[in-house]
Engineer: 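Before we start, here is the structure in question, set down as structure tokens.
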Amino acid sequence: MVVGAGHNGLVAACYLASAGLKVNALERRSVLGGAAVTEDLIPGYRVSTASYSLSLLRPDIYADLELARHGLRFYPKDPQMFVPLRDGRHFFVWRDGRRTHEEISRINQRDADAYKEFGRFWDSAVDELRPFVESDSPLSPAAVEGELRRRGQGEIWDVCVAGSAASVVERFFESEEVQGAFASQGIIGTALSPRHPGTAWVMAYHFIGGELNESTGTWAYVRGGMGGVTQALAAAARERGVKIELDSEVEQILVDDNGVRGVQTGAGVIDCDIVVSNADPITTYRKLVPADRLTDDLIEKLDGWQTFGSVVKVNLALRELPDFKAMPGTNAGPQHFGTLEISPSVDYLHEAWEESAGGRPSTNPFMEVFIQSATDPTLSEEGHVLSAFSQYSPPSPERETWPQMRETAYENVVRTLASYAPNIPDAIIASDVLGPPELEERFALTGGNIFHGEITPDQSFGARFAYESPIKGLYLAGSGASPGGGVMGAAGRNCANVLLRNRRS
């Protein structure tokens with residue numbers, strides 16, 4: 001039995017069914033896909049509600065499950081980034097390094113020359129780090145550090161894992177504009193300033209993908225939105241005989257002295273001796289499993305697990321495309337095709353974090369903005385859809401104060417967007433705002449953390465939760481297991497491998 005038909009649960013289901021197991025997948029919502037879904041914002045306007053871009057999906061999963069044959073289509077974002085600046089200047093980051101050099105040279109010639117070195121550095125670092133992320137027998141963070149030092153690659157640990165995102169960009173670039181644009185990749189989904197140690201690992205983690213897009217760290221749009229990933233996985237699963245049931249919430253995993261014996265749903269008990277949970281670790285162990293079945297070590301780990309969310313996702317239906325002061329026009333152009341990066345300096349990011357740490361939504365939030373409808377007309381019949389991934393929400397906002405905070409966060413996002421594209425407020429037809437409480441309620445993400453727990457170094461590699469639980473027959477396949485979050489599929493694949501290896505032995 002697979003609990004949760006998110007992408008990792010579906011990946012695990014596919015591999016288990018391919019090995020001859022009879023597999024059922026139960027999904028609590030009326031739509032499958034977990035956080036990788038495409039849904040109507042309003043009629044005629046479809047949006048990637050939560051996750052919004054693709055790079056980390058493992059190539060072997062894509063090939064093994066024949067996801068192209070099952071309808072998965074994606075195309076690299078180009079430009080990768082459009083970076084408007086507060087003084088009216090801008091620059092692009094293209095897939096073509098020569099074009100990017102020309103763009104950055106208008107900001108700072110030395111930084112333009114350093115960009116190629118920056119790319120080479122990350123290519124080399126990712127080659128060393130990727131095997132540790134892929135492994136289904138992950139090493140502890142200390143063991144990863146030791147192995148890198150044994151190979152003479154200790155600098156990779158010091159700079160790319162233990163270091164800060166700010167220190168990485170300052171190592172290569174001197175202008176605050178270029179530093180800010182790239183440092184932002186070190187705070188994605190985490191409640192830390194780019195100056196905090198360990199945020200370099202968040203940056204490295206997001207560089208690890210890109211193989212399907214033919215370049216390290218290159219991100220893509222999925223045709224039809226991120227639901228295209230999970231719909232393709234569901235088709236692959238059904239072809240292998242997996243039964244997927246929607247509106248089937250698992251209320252409890254039933255356990256006796258011999259291990260798992262079934263699951264309790266609203267419709268009754270379903271007998272089974274293996275459960276693969278795609279839910280996050282807190283939900284799995286604190287809500288679904290009897291407390292007396294947890295070991296002391298597991299309880300200690302759960303008590304210390306950081307799952308507070310930092311993201312406010314704002315989805316908008318628009319009458320027209322943004323008209324940027326830095327690059328005017330509402331006809332679709334390169335300024336609308338890639339990621340709009342609002343991250344003008346490391347100081348800007350740090351100040352946004354400081355404000356949230358003080359209990360307030362960031363007045364001037366960091367944002368990654370996607371207007372996929374500019375390149376994918378299947379998402380909107382008339383106007384456009386815009387998704388703003390913004391930070392920071394205050395950590396663990398109180399439920400009773402959140403509604404006002406939510407409104408403030410929304411106003412801050414729209415006001416900040418309008419400072420770059422003044423037509424935005426009048427162009428808005430409809431909106432949906434998902435802060436940590438909404439992400440928790442809608443997608444069962446404890447604390448609203450998009451990664452099932454911070455992906456800081458102390459919660460990465462083998463420090464994440466094991467695929468095999470202390471309860472016989474219970475396995476963890478979600479992002480709380482190694483390697484972590486993002487639409488990667490590695491946790492689901494690895495969980496299936498461990499389960500099948502145990503059955504063979």
Engineer: About how many Å separate CG of Leu129 and CD of Gln153, when rounded to the nearest 0.5 Å?
Structural biologist: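 So the gap between those two atoms works out to 9.5 Å.
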Engineer: Using a cut-off of 6.0 Å, state whether more than 12 heavy atoms not belonging to Glu441 lie near its atom CD.
Structural biologist: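 Not buried by this count: 12 neighbours or fewer within 6.0 Å.
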Engineer: I need the minimum non-hydrogen distance between Asn364 and Glu355, along with the two atoms involved.
Structural biologist: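 Looks like N-OE1, 4.5 Å.
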Engineer: Spell out, as yes or no, whether a donor-acceptor pair under 3.5 Å connects the side chain of Asn449 to the backbone of Phe308.
Structural biologist: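 It does hold such a pair.
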Engineer: Kindly say whether the aromatic ring centers of Tyr62 and Phe74 come within a distance under 6.0 Å.
Structural biologist: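 Ring centres of Phe74 and Tyr62 closer than 6.0 Å.
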Engineer: Just by distance, do the side chain of Asp323 and the backbone of Thr330 share a donor-acceptor pair under 3.5 Å?
Structural biologist: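 The answer is no, because no donor-acceptor pair under 3.5 Å joins these two groups.
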Engineer: Could you walk me through whether Glu117 and Arg120 pass the salt bridge (Lys or Arg N to Asp or Glu O under 4.0 Å) check?
Structural biologist: CA-CA 5 Å; Glu117 181 186 353; Arg120 282 197 300 261; 5.6 Å; no
Engineer: side-chain hydrogen bond (donor to acceptor under 3.5 Å, both in side chains) with Asn108: which of Glu174, Glu176, Gln179?
Structural biologist: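 For Asn108, the side-chain hydrogen bond (donor to acceptor under 3.5 Å, both in side chains) check succeeds only for Glu174.
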Engineer: Taking the ring of Phe370 and the ring of Tyr52, is the distance between their centroids below 6.0 Å?
Structural biologist: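 Yes, the ring of Tyr52 comes within the 6.0 Å limit of the ring of Phe370, centre to centre.
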Engineer: Side-chain contact, heavy-atom cut-off 4.5 Å: Val168 with Val159?
Structural biologist: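 Of all side-chain heavy-atom pairs linking Val159 with Val168, at least one is under 4.5 Å.
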Engineer: Is a side-chain N or O of Glu454 found less than 3.5 angstrom from the main chain of Ala191, in a donor-acceptor match?
Structural biologist: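 Yes, Glu454 side chain to Ala191 backbone: donor-acceptor pair under 3.5 Å.
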Engineer: For the ring pair Trp305 and Phe465, is the centre-to-centre distance below 6.0 Å?
Structural biologist: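 Ring-ring flag for Trp305/Phe465: true, centres closer than 6.0 Å.
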Engineer: Could you check whether Arg89 pairs with Glu177 (Lys NZ or Arg NE/NH1/NH2 to Asp/Glu carboxylate O, under 4.0 Å)?
Structural biologist: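 A salt bridge is present here (some side-chain N lies under 4.0 Å from a carboxylate O).
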Engineer: Roughly how far, to the nearest 0.5 Å, is CZ of Arg46 from CG of Asp376?
Structural biologist: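 It comes to 9.0 Å.
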Engineer: Please check: side-chain N/O of Ser167 versus main-chain N/O of Gly163, any donor-acceptor pairing under 3.5 Å?
Structural biologist: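 Checking the backbone N and O of Gly163 against the side chain of Ser167, no donor-acceptor pair under 3.5 Å is found.
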Engineer: May I ask you to decide if Phe389's main-chain N or O and Lys313's side chain share a donor-acceptor pair within less than 3.5 Å?
Structural biologist: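 Judged by distance alone, no pair lies under 3.5 Å.
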Engineer: Apply side chain to side chain donor-acceptor pair (under 3.5 Å) to Asp111 and Ser175, showing your working.
Structural biologist: CA-CA 7 Å; Asp111 288 354; Ser175 66; 2.5 Å; yes
Engineer: Is Arg99 salt-bridged to Glu102, going by a charged N under 4.0 Å from an acidic O?
Structural biologist: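 Not counted as a salt bridge, because no side-chain N and carboxylate O are separated by less than 4.0 Å.
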Engineer: Using a 3.5 Å distance criterion without hydrogens, assess whether the side chain of Thr307 forms a donor-acceptor pair with backbone atoms of Gly447.
Structural biologist: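 Between the backbone of Gly447 and the side chain of Thr307 there is no qualifying donor-acceptor contact (under 3.5 Å).
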Engineer: Grab the two heavy atoms, one from Ser380 and one from His384, that are nearest each other, plus how far apart they are.
Structural biologist: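 Minimum heavy-atom separation between Ser380 and His384: OG-N, 3.6 Å.
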Engineer: Is the centre of the Phe461 ring less than 6.0 Å from the centre of the Trp201 ring?
Structural biologist: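 Yes.
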Engineer: Counting heavy atoms not belonging to Arg151, are there more than 12 under 6.0 Å from its CZ?
Structural biologist: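 Result for CZ/Arg151: enclosed.
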Engineer: Checking side chain to side chain donor-acceptor pair (under 3.5 Å) for the pair Asp136/Tyr467: CA distance, chi angles, key distance, verdict?
Structural biologist: CA-CA 8 Å; Asp136 62 14; Tyr467 307 112; over 6 Å; no
Engineer: Is the closest side-chain heavy-atom distance between Val312 and Leu434 below 4.5 Å?
Structural biologist: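 Of all side-chain heavy-atom pairs linking Leu434 with Val312, none is under 4.5 Å.
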Engineer: Donor-acceptor pair, Ser55 side chain versus Thr218 backbone, under 3.5 Å?
Structural biologist: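 Yes; at least one donor-acceptor contact below 3.5 Å.
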Engineer: Do side-chain atoms of Ser460 reach the backbone of Ile455 as a donor and acceptor pair under 3.5 angstrom?
Structural biologist: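 It does hold such a pair.
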Engineer: If you take all heavy atoms of Tyr420 and Pro84, which pair is closest and at what distance?
Structural biologist: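 That closest heavy-atom pairing would be CE2-O, 3.6 Å.
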Engineer: Rounded to the nearest 0.5 Å, how far does OG1 of Thr375 lie from CZ of Phe337?
Structural biologist: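 The OG1 atom of Thr375 is 7.0 Å from CZ of Phe337, to the nearest 0.5 Å.
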Engineer: Could you give the distance from CZ (Arg58) to CG (Asn494), rounded to the nearest 0.5 Å?
Structural biologist: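 Result: 10.5 Å between the selected atoms.
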Engineer: Is a donor on one side and an acceptor on the other found under 3.5 Å between the side chain of Lys301 and the backbone of Arg464?
Structural biologist: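 Judged by distance alone, yes, a pair lies under 3.5 Å.
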Engineer: Taking all heavy atoms of Thr190 and all of Tyr392, pick out the closest pair and write down the distance.
Structural biologist: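 Heavy-atom minimum between the residues: O-CE2, 3.5 Å.
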Engineer: Using salt bridge (Lys or Arg N to Asp or Glu O under 4.0 Å), reason through Arg493 and Asp60 one step at a time and then give a plain yes or no.
Structural biologist: CA-CA 10 Å; Arg493 176 201 62 196; Asp60 60 317; 2.9 Å; yes
Engineer: Give a yes or no on whether a salt bridge exists between Arg442 and Asp432, defined as a side-chain N under 4.0 angstrom from a carboxylate O.
Structural biologist: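 Looking at Arg442 and Asp432, the cut-off is met.
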Engineer: Taking the six-membered ring for Trp, is the centroid-to-centroid distance between His90 and Phe82 below 6.0 Å?
Structural biologist: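 That pair passes the under 6.0 Å test.
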Engineer: Is there a donor-acceptor contact under 3.5 Å from the side chain of Glu214 to the main chain of Glu211?
Structural biologist: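 Flag not set: sc Glu214 to bb Glu211 has no pair under 3.5 Å.
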Engineer: Got Leu417 and Leu386 here, is their nearest side-chain heavy-atom distance under 4.5 Å?
Structural biologist: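 SC-SC contact between Leu417 and Leu386 confirmed.
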Engineer: Does Arg171 qualify as a cation-pi partner of Phe118, given the criterion of NZ or CZ under 6.0 Å from the six-membered ring centre and within 45 degrees of its axis?
Structural biologist: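 Verdict for Phe118: no cation-pi partner in Arg171.
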Engineer: Provide the closest heavy-atom pair for Ser393 versus Ser356 in the form atom of the first, atom of the second, distance.
Structural biologist: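 In terms of heavy atoms, the two residues are closest at O-CB, 3.8 Å.
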Engineer: Find the distance between CG (Leu316) and OH (Tyr45) and round it off to the nearest 0.5 Å.
Structural biologist: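 Interatomic distance, Leu316 CG to Tyr45 OH, rounded to 0.5 Å: 12.0 Å.
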Engineer: Check the pair Gln185, Glu341 against side chain to side chain donor-acceptor pair (under 3.5 Å), reporting the backbone distance first and the verdict last.
Structural biologist: CA-CA 10 Å; Gln185 301 310 294; Glu341 199 80 8; 3.2 Å; yes
Engineer: Restricting to non-hydrogen atoms, name the atom on Asn8 and the atom on Ser479 that form the minimum distance, rounded to 0.1 Å.
Structural biologist: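 Result for this residue pair: ND2-OG, 3.6 Å.
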Engineer: Is the shortest distance from a Lys or Arg side-chain nitrogen in Glu134 or Arg130 to a carboxylate oxygen in the other one below 4.0 Å?
Structural biologist: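 Arg130 and Glu134: not salt-bridged.
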Engineer: Taking side chain as C-beta onward, heavy atoms only, is Leu148 less than 4.5 Å from Glu145?
Structural biologist: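 Leu148 vs Glu145: side chains apart.
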Engineer: Atom OG in Ser48, atom CG in Leu41: separation rounded to 0.5 Å?
Structural biologist: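 Between atom OG of Ser48 and atom CG of Leu41 there are 11.5 Å.
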